[in-house]
Q: 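This structure is in structure tokens; I'll ask about it shortly.
Both ligands and their constituent atoms are indexed starting at 1 by order of listing. Heavy-atom basis, side chains included; hydrogens, waters and symmetry copies ignored.
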Amino acid sequence: MQIPFTKMHGLGNNYIYLDFFQHTIAEEKLSELAKTISNVHTGIGSDGLIIIHPSEVADVGMRIFNKDGSEGQSCGNGLRCTAKYAYEQGIVAEKQFQIETKANKVVAEVQVINGKVDHVTINMGKPHLKRELIPMQGEPKTKVIAERFEIQGEVLELTALSMGNPHAVFIVEQVSKKQVSQLGPLVEKDPRFPQGVNVEFIEILSPNEINFSVWERGSGITQACGTGACAAVVAGILNDRLERNESVKVHLPGGDLDITWDNDGDVWMTGGAELIATGFYEAAHLSKV
Ligand SMILES: N[C@H](CCC[C@H](N)C(=O)O)C(=O)O
């Protein structure tokens with residue numbers, strides 16, 4: 001069975017995209033397909049699988065599956081690539097349109113240069129700050145801001161929130177690969193986060209600029225995490241370290257995103273989206289799943 005695919009990335013956070021307007025795959029096969037197609041040795045290799053699909057409540061829909069086959073509720077880099085694809089493939093006719101995710105409906109606006117989408121701005125909606133909405137164990141109605149968090153004998157300060165998917169943000173003196181690779185997987189699966197959690201470490205460079213690194217739920221270290229960058233800026237503002245209602249430059253390993261948490265409570269993300277390849281995935285073995 002040959003499955004047509006498009007591979008795209010946002011700041012190096014790359015996914016295999018399937019266009020369900022053209023060709024669908026059975027629901028029960030999607031998790032297994034995400035695992036097999038993401039495998040760099042026996043598949044195409046990616047951070048996961050994204051489904052672009054018809055929506056009854058928006059112009060287009062997007063679902064995201066991580067490398068381990070788990071389904072996330074949203075994906076910032078995936079949304080920018082989905083917006084690029086939807087506009088360039090004529091799924092949408094306007095430069096501004098709505099995209100449905102498991103988490104919410106977002107508004108995307110594409111910036112077109114020479115007929116191609118160069119970058120995309122997305123209103124990612126409002127963060128959820130209550131512990132029960134992250135979700136995280138503990139006193140439900142409270143927020144998680146600069147909370148003492150002990151892990152593997154280390155005591156860190158945790159700010160946790162949801163962008164439709166869960167995020168644990170740690171403000172540190174200096175981000176390092178060592179801390180992400182050692183602490184990331186432990187926090188991701190910590191029982192205090194019953195649905196798991198994406199883990200971000202941020203270094204405040206100024207009230208409008210941070211360094212950022214991430215261990216993603218279900219995919220491990222990635223070059224970038226759009227929802228994570230949004231969560232990081234919200235966390236920095238909640239800790240009075242970053243400017244509200246102004247653009248914050250987020251330096252991720254794969255490149256920069258501009259994030260604003262405005263006074264209406266919406267989080268805005270602007271960044272690139274790139275086409276890598278199109279092709280056909282040989283999925284004969286999937287028939288046995
Ligand atoms: N790993 C995430 C989904 C992908 C998010 C990330 N790639 C982004 O750009 O926001 C989760 O399980 O919630």
Q: In ligand 1, which numbered atoms sit nearer than 4.0 Å to a non-hydrogen atom of Thr227?
A: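 Going through ligand 1 atom by atom, the ones under 4.0 Å from Thr227 are 5 (C), 8 (C), 10 (O).
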Q: For Trp215, which part has a heavy atom under 4.0 Å from ligand 1: side chain, backbone, both, or neither?
A: neither
Q: List the closest protein heavy-atom neighbour of atom 2 (C) of ligand 1: residue, atom name, distance to the nearest 0.1 Å.
A: Asn198 OD1, 3.3 Å
Q: Could you tell me whether Asp68 and Lys35 make a salt bridge, using a distance below 4.0 angstrom between a side-chain N and a carboxylate O?
A: no
Q: Verify the distance criterion only: is there a donor paired with an acceptor across the side chains of Asn239 and Thr159 at less than 3.5 Å?
A: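 Side chains of Asn239 and Thr159: pair found under 3.5 Å.
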Q: Is it true that Glu139 and Lys141 have a side-chain N and a carboxylate O under 4.0 angstrom from each other?
A: no
Q: Return the set of residues passing salt bridge (Lys or Arg N to Asp or Glu O under 4.0 Å) with Glu147 (not counting sequence neighbours), or none when no residue passes.
A: Arg131
Q: Just how far is it from atom CZ of Phe201 to atom CH2 of Trp215, taken to the nearest 0.5 Å?
A: 10.5 Å
Q: Please verify whether a non-hydrogen atom of Gly196 lies at under 4.0 Å from ligand 1.
A: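 Under 4.0 Å: no for Gly196.
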Q: State the atoms of ligand 1, each with its element, that fall below the 4.0 Å cut-off from a heavy-atom position in Gly226.
A: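 Those of ligand 1 that fall under 4.0 Å from Gly226 are 8 (C), 9 (O), 10 (O).
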Q: Between Arg63 and Leu30, what is the shortest heavy-atom contact and its length?
A: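 In terms of heavy atoms, the two residues are closest at NH1-CD1, 3.9 Å.
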Q: By side-chain hydrogen bond (donor to acceptor under 3.5 Å, both in side chains), which residues pair with Arg192, not counting sequence neighbours?
A: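 Arg192 satisfies side-chain hydrogen bond (donor to acceptor under 3.5 Å, both in side chains) with Asp190 once adjacent residues are dropped.
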Q: Taking atom 1 (N) of ligand 1 as the point of reference, which of His167, Gln195, Met269, Glu216 owns the nearest heavy atom?
A: Glu216
Q: Side chain or backbone, does Gly76 bring an N or O within less than 3.5 Å of an N or O on ligand 1?
A: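 Checking ligand 1 against Gly76, an N or O pair does fall under 3.5 Å apart.
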Q: Heavy-atom contacts with Ser74 under 4.0 Å: which atoms of ligand 1 show up? List them by number with element.
A: 3 (C), 4 (C), 5 (C)
Q: Pick one of side chain, backbone, both or neither for how Asn77 approaches ligand 1, counting any non-hydrogen atom pair under 4.0 Å.
A: both
Q: Yes or no: does Cys225 have any heavy atom under 4.0 Å from an atom of ligand 1?
A: yes
Q: Using the side-chain contact (heavy atoms from CB on, under 4.5 Å) definition, which of the options Thr121, Val120, Ile122 pairs with Val110?
A: Val120
Q: Which of the numbered atoms in ligand 1 are under 4.0 angstrom from any heavy atom belonging to Asn165?
A: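 In order of number, 2 (C), 11 (C), 13 (O).
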